[in-house]
Every structure is written in structure tokens, then in C-alpha cells.
Amino acid sequence: MQRIDINGIGIEYRLIREPTGHRPTLVFLHEGLGCAEMWRDFPDRLASALGWGALVYSRWGYGRSDPRPLPWPIDHMEREGETGLPALLSTLGVGDHVLWGHSDGASIALVLAGTTEAASLKAVVSAAAHVFGGEEIGVRSIRAAEERFRKGDLRGRLSRYHADPDGVFRGWAGTWLDPDFQNWTIENYLDGVSVPVLAMQGTDDEYGTMRQLDTVCSRLGSLAQRVPIEGHGHQLHISAR
């Protein structure tokens, strides 16, 4: 991994390969407890199969990027999509690109797609995006994760990948469990999206109902390709590979 300073914050990243010819760069945006390293070899295999370049990075607070003070703001995903990610792409000189986002990362990808006027964004792959809060299934899953963090092996597993596992978990869970998150939404950003979106969600997703996928597709209309994946949960790039 390499590190780069983005607006005074140290961010870890990895450029997997240079794109072939005029092909774009795949930019991978990890889930709410993820980081660059936790993608494992998925970005490498996909970039190799396509002949594209690829970038993975850990957002502020994650992996070996700088720790982020608690509590995290409710709109931290919007802030990343509007300013953090565009600044990273600009600093690294990434040209034409496709965003491949999972979970919180997919939400961030949709935010960026809804705000950017840059012609360099060509498409979005959205896997298990959250576009509104308040679903009981997600809250139950966060509560269960809290129990595993306190009494089970979740903290130990996160500590293998994150310099500040407590900050990562508390920042993530604190956002979901904040009463204000019940009314959180990024649906307004969807109205600004002008690039194609491949929208996927497992029918057995433990963090959100199919209403999340349906909302994305209904707001995007012909720009979206709706892909429900039967019998799969939240970790689509692992279970449906």
C-alpha cells in the first residue's frame, strides 16, 4: 500500500495496474467496515479480466488511513462522495473511471455520480447501496454486530485490517443507530445521475430490503439496470463470485 495526503489527511491506496489503451480505471469503494485490503484479490481479478486499471483505497478512519475522530457525522458518506473521493482522484491523476461501490461505498458512488459534472466518470456499479435509513432489518443487524464486537470475535477480526478498529466500528454503528439516521436519505442525489448504473442487491440482504434497489432503479429510470441476485446476502462480491 502507498499513502497520500488529501487535504491534510493521510489516505492509504493501491493502484493495481495501468489501463490498457483508452480503457477506464475501476475505482473500488469499500463497505462500512471494510478497507482497501479487505477487497482481497477481487479488484485484481476483475481488472485483469477487463484489461482496465484499478484503484483501491481506505477512506478516512479505515484501514491504515488516518484515524477519524468520533462521532462521525451523519452525512459522512455524502461528504466523501462530494469532496473526499473527487480530491483523491484528482490528486492521483485518475482519468476516465468507473466506480464499483459496495454497501456504504455504493452510496458514496451514487452521491458522486449525482453531483459531478466531470466527463471522466463513465458508469457506476452499485452493489447493496443504502439510499435511505430507517429500515428495521438494518438496525437489527447493527445491534447483532454490536454484540459480536463486544463479546465475540468481530473486534479481533477488524483489528487485522484497521489501525483503529474501535473507531471504525463505533463510527459506523453510531451512524446507523443515531436517531437522525432514521430520516437519512441520498435519494435527492439520484436525480442528478447522468451515467449508466448497474444496480445489484441480494434478495437475502441482511442490511436492507429490496426497497433500496427499487428506489435506485425507479429514480434513475432507463439509466439503471436492475439486478436482484436471488438467495444472496450483503456480500455479493464474495458469495456470488
Side-chain angles (χ1 to χ4, degrees), residues 27-34 59 61-62 72-86 97-118 121-143 145 171-230 232-237 239-240:
V27 180
F28 289 86
L29 310 179
H30 61 75
E31 63 180 305
L33 291 179
R59 296 190 293 274
Y62 289 94
W72 292 3
I74 294 295
D75 64 347
H76 66 86
M77 287 181 276
E78 294 97 301
R79 296 187 189 191
E80 181 68 14
E82 292 180 356
T83 60
L85 177 54
H97 59 280
V98 171
L99 301 176
W100 205 113
H102 174 225
S103 190
D104 289 14
S107 304
I108 292 165
L110 293 171
V111 168
L112 188 151
T115 58
T116 185
E117 297 181 0
L121 176 61
K122 299 304 180 183
V124 170
V125 179
S126 167
H130 312 293
V131 292
F132 57 86
E135 290 197 301
E136 183 59 31
I137 188 174
V139 173
R140 289 200 306 268
S141 294
I142 300 300
R143 295 291 188 195
W172 171 74
T175 297
W176 276 74
L177 299 177
D178 190 303
D180 288 342
F181 196 69
Q182 298 297 302
N183 299 314
W184 173 87
T185 180
I186 59 165
E187 292 180 56
N188 55 310
Y189 289 94
L190 299 177
D191 297 332
V193 175
S194 59
V195 297
V197 175
L198 177 64
M200 303 180 289
Q201 185 166 337
T203 58
D204 295 337
D205 193 327
E206 60 271 35
Y207 287 99
T209 69
M210 295 300 287
R211 287 180 56 221
Q212 302 281 348
L213 179 65
D214 292 340
T215 298
V216 171
C217 294
S218 65
R219 295 293 284 256
L220 295 183
S222 61
L223 286 172
Q225 181 177 349
R226 183 180 184 274
V227 184
I229 301 182
E230 296 291 335
H232 288 272
H234 196 61
Q235 301 290 339
L236 293 175
H237 62 288
S239 64

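Computed over heavy atoms, backbone and side chain alike; hydrogens, waters and symmetry mates excluded.
- Using a 4.5 Å heavy-atom threshold, the side chains of V193 and R219 count as separate.
- Expressed to the nearest 0.5 Å, how far CD1 of I74 lies from OG1 of T175 amounts to 5.0 Å.
- Between the Q212 side chain and the V131 main chain, a donor and an acceptor come within less than 3.5 Å of each other.
- Under a 3.5 Å cut-off, the side chain of H102 and the backbone N or O of F28 do not form any donor-acceptor pair.
- Here the CG atom belonging to D205 is positioned 9.0 Å from the CD atom belonging to Q235, to the nearest 0.5 angstrom.
- When all heavy atoms of A129 and A106 are compared, the closest pair comes out as CB-CB, 3.6 Å.
- Judged by distance alone, with hydrogens and angles left aside, the side-chain atoms of T115 form no donor-acceptor pair with the main-chain N or O of E82 at under 3.5 Å.
- Residues V195 and A113 come closest through the heavy atom pair CG2-CB, 4.4 Å.
- Taking each heavy atom of A199 and V216 in turn, the nearest pair found is CB-CG1, 4.2 Å.
- Applying the side chain to side chain donor-acceptor pair (under 3.5 Å) test to R140 and every residue at least two apart in sequence or in another chain returns nothing.
- With contacts defined as side-chain heavy-atom distances shorter than 4.5 Å, the pair V197/L223 does not qualify.
- Pairing each heavy atom of G208 with each of E135, the nearest pair is CA-OE1, 3.4 Å.
- Residue L29 holds its CG atom at 11.5 Å from OG of S103, rounded to the nearest 0.5 Å.
- Using a distance-only test at 3.5 Å, with no hydrogens or angles considered, a donor-acceptor pair links the side chain of H30 to the main chain of R59.
- With values rounded to the nearest 0.5 angstrom, T215 atom OG1 is found 8.5 Å from L213 atom CG.
- Between W176 and H130, the ring planes lie perpendicular to each other; the angle is over 60°, past the 30° to 60° tilted range.
- Here D75 pairs with R79 under the side chain to side chain donor-acceptor pair (under 3.5 Å) rule; sequence neighbours left out.
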Handout entry: Trace of the side chain to side chain contact (heavy atoms under 4.5 Å, CB included) decision for Q182 with V139
Key = CA-CA 10 Å; Q182 298 297 302; V139 173; 4.1 Å; yes

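- Y207 places a side-chain heavy atom less than 4.5 Å from the side chain of I142.
- Atom OG1 of T209 sits about 8.0 Å away from atom CG of D214, to the nearest 0.5 Å.
- For W72, the side chain to side chain donor-acceptor pair (under 3.5 Å) criterion is met by no residue, not counting sequence neighbours.
- The nearest pair of heavy atoms linking G32 to Y62 is O-OH, 2.7 Å.
- Here the straight-line distance linking atom CD1 of I108 with atom OG of S126 works out to 11.5 Å at 0.5 Å rounding.
- Between M77 and I186, the closest side-chain pair of non-hydrogen atoms is not below 4.5 Å.
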Problem - Test side chain to side chain contact (heavy atoms under 4.5 Å, CB included) applied to R143 and L177, step by step - result: CA-CA 8 Å; R143 295 291 188 195; L177 299 177; 3.6 Å; yes

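- The backbone N or O of R211 lies less than 3.5 Å from no partner atom in the side chain of Q201, so there is not a single donor-acceptor pair.
- No side-chain donor-acceptor contact under 3.5 Å links W172 and E31.
- Residue V27 is tested with L121, V98, L112, L99 for a side chain to side chain contact (heavy atoms under 4.5 Å, CB included); the sole match is L99.
- Residues L220 and A224 come closest through the heavy atom pair CB-CB, 3.8 Å.
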